[in-house]
Amino acid sequence: QVYLWLSFLQGKFQAVEKELLVFSADVYGKIGIPWKMTEAGTKLLVAAMLENLNAVEVPIVSKFMDDILYLVETYPVM
């Protein structure tokens, strides 16, 4: 969660795409966690993060979170 917030605040979406997803897929694959579980966990995390924002903040953060969900859902895990 902290990594996602820092990436958002710094405007570094590529860090999520090129670092966090690659690292997650590698580690989770090695320890046998199915990617579908990662997708489900990411959806829960994003929902929890958005629930803690006020009405002004949600539209600002929503596009970033939608993009993260799309990346996780379409990531080519082997």
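Values in this document were obtained by computation on a predicted structure and should not be read as measured data.
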Chemist: Grab the two heavy atoms, one from Asn54 and one from Val56, that are nearest each other, plus how far apart they are.
Modeler: OD1-N, 2.9 Å
Chemist: When clusters are formed by joining ILVMFWY residues with side-chain heavy atoms under 4.5 Å apart, either directly or through shared neighbours, do Leu45 and Tyr70 land in the same one?
Modeler: no
Chemist: Under 4.5 Å between side-chain heavy atoms, counting indirect links through other Ile/Leu/Val/Met/Phe/Trp/Tyr residues: same cluster for Leu44 and Val16 or not?
Modeler: no
Chemist: Do Leu71 and Met37 belong together in a cluster built from hydrophobic side chains that touch within less than 4.5 Å?
Modeler: yes
Chemist: For Phe8, give me all partners under ring pair (Phe, Tyr, Trp, His ring centres under 6.0 Å), at least two apart in sequence or on another chain.
Modeler: Phe64
Chemist: Can you pull out every salt bridge (Lys or Arg N to Asp or Glu O under 4.0 Å) where at least one residue sits in residues 41-55? Sequence neighbours excluded, please.
Modeler: Lys43-Glu73
Chemist: What residues form a salt bridge (Lys or Arg N to Asp or Glu O under 4.0 Å) with Asp66, not counting sequence neighbours?
Modeler: none
Chemist: Suppose the criterion is side chain to side chain donor-acceptor pair (under 3.5 Å): which pairs have a residue in residues 12-23, not counting sequence neighbours?
Modeler: Tyr3-Glu19
Chemist: Please report the interatomic distance CD1(Ile68) to CG(Leu20), rounded to the nearest 0.5 Å.
Modeler: 8.0 Å
Chemist: Please collect all ring-ring contact (aromatic ring centres under 6.0 Å, His included) contacts where either partner lies in residues 28-59, sequence neighbours excluded, each pair once.
Modeler: Trp35-Tyr75
Chemist: Nearest 0.5 Å, what's the CE-OG distance between Met49 and Ser62?
Modeler: 11.0 Å
Chemist: Which value, rounded to the nearest 0.5 Å, describes the distance between Thr42 atom OG1 and Met65 atom CE?
Modeler: 11.0 Å
Chemist: If you link ILVMFWY side chains whenever their heavy atoms are less than 4.5 Å apart, which other residues fall into the same cluster as Val2? By chain and number, please.
Modeler: Leu6
